[in-house]
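To start, the structure itself, in structure tokens.
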Amino acid sequence: MQVYSPITISLTKRLSGLTAGLVRGLKLLERTELACCGLPVSQSMVLQSLASGSEPKRMSEIAAALGVAQSTATRFVDPLVEQNLVERRPAPDDGRAIVIALTPAGRDIAEEVIAGSLRCSEGILERIPVKQQQQVVEALETVVAAVSECCTECCSR
């Protein structure tokens with residue numbers, strides 16, 4: 001059994017509380033910002049994923065980008081198809097496979113969602129002292145990498 005020092009326990013508790021608060025706060029900001037587009041967060045994430053590249057994506061690529069199962073990605077995409085924001089097409093390299101592509105209306109909404117996300121990030125950054133902004137962003141990059149690594153290790157067990 002591993003024994004942890006009081007400092008390690010204290011830091012672990014602080015980190016846990018801070019990350020929980022960060023996640024809650026970001027979810028609230030995201031919901032508020034995306035409400036103007038009238039889409040659930042999951043669907044807006046699909047549009048952002050599709051807008052991030054020039055080519056249509058297979059459902060497996062969308063699922064991987066969102067970190068969800070392919071069946072879940074399909075449930076996110078179906079309403080977007082019904083709203084004519086995305087369309088299913090035969091894959092250019094395999095006629096049996098399907099890719100998902102933005103429609104012109106979907107691209108417009110995706111651009112609104114991306115602009116809203118950037119406004120949120122800008123609003124957050126404005127509330128951080130200028131001298132600390134670079135350091136905070138770099139620290140978050142480190143945290144995201146650590147979370148990704150931790151998830152990879154936990155999932156491979």
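Because the structure is predicted, anything quoted here is derived from the model rather than measured. Sequential numbering from 1 along the given sequence is applied to the chain's residues.
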Could you report the tightest heavy-atom contact between Ala65 and Ser49, atom names first, then the distance?
CB-OG, 3.6 Å

Would you call Arg89 and Glu87 a salt bridge, using N to O less than 4.0 angstrom?
yes

Side chain to side chain contact (heavy atoms under 4.5 Å, CB included) between Val81 and Ile100, worked out:
CA-CA 9 Å; Val81 171; Ile100 308 300; 5.6 Å; no

Look up atom CD1 in Ile62 and atom OG1 in Thr72, then write down how far apart they are to the nearest 0.5 Å.
13.0 Å

Any side-chain heavy atom of Leu39 sitting closer than 4.5 Å to one from Met45?
no

Backbone N/O of Pro40 and side chain of Gln43: donor-acceptor pair under 3.5 Å
no

Please round to the nearest 0.5 Å and tell me the distance separating atom OG of Ser71 and atom CZ of Arg75.
5.0 Å

Tell me, please, which residues at least two apart from Asp78 pass salt bridge (charged side-chain N to carboxylate O under 4.0 Å, His left out).
Arg88

Run the side chain to side chain contact (heavy atoms under 4.5 Å, CB included) check on Ser52 and Lys57 step by step: do they pass?
CA-CA 10 Å; Ser52 69; Lys57 294 184 179 180; 3.3 Å; yes

Worked check of side chain to side chain contact (heavy atoms under 4.5 Å, CB included) between Ile98 and Met59
CA-CA 8 Å; Ile98 299 294; Met59 196 64 73; over 6 Å; no

Is it possible for you to say whether Ile128 and Leu18 belong to one hydrophobic cluster, with membership spreading through side-chain heavy-atom contacts below 4.5 Å?
no

Could you walk me through whether Leu102 and Glu111 pass the side chain to side chain contact (heavy atoms under 4.5 Å, CB included) test, one step at a time?
CA-CA 11 Å; Leu102 287 170; Glu111 288 173 7; over 6 Å; no

With the 4.5 Å side-chain cut-off for hydrophobic clustering, are Val41 and Ile114 part of the same group?
no

For the atom pair CD (Glu122) and CZ (Arg127), what is the distance rounded to the nearest 0.5 Å?
10.0 Å

Using the rule that Ile, Leu, Val, Met, Phe, Trp and Tyr join whenever any side-chain heavy atoms are under 4.5 Å apart, tell me whether Val147 and Leu15 fall into a single cluster.
no

Hey, quick one: are Val136 and Ile124 part of the same hydrophobic cluster, counting side-chain heavy atoms closer than 4.5 Å, chains of contacts allowed?
yes

Test item: Pro129 and Gln132 side chains (from C-beta on) under 4.5 Å apart, heavy atoms:
yes

Would you say that Phe76 contacts Val68 through its side chain, given a criterion of any heavy-atom pair below 4.5 Å between the two side chains?
yes

From CD1 (Ile109) to OG1 (Thr103), nearest 0.5 Å
9.0 Å

Taking Thr74 for the side chain and Gln70 for the main chain, is one N or O donor matched with an acceptor at less than 3.5 Å?
yes

How many angstroms lie between atom CD of Glu112 and atom CG of Leu47, to the nearest 0.5 angstrom?
10.5 Å

For Gln133, I'd like to know if atom CD has over 12 heavy atoms of other residues, nucleotides or ligands within 6.0 Å.
yes

Residue pair Gly53 / Arg107: nearest heavy atoms and the distance that separates them
O-NH2, 4.5 Å

Test Leu50 against every option in Val86, Val99, Leu85, Leu80 by the side-chain contact (heavy atoms from CB on, under 4.5 Å) rule and name the one that passes.
Val86

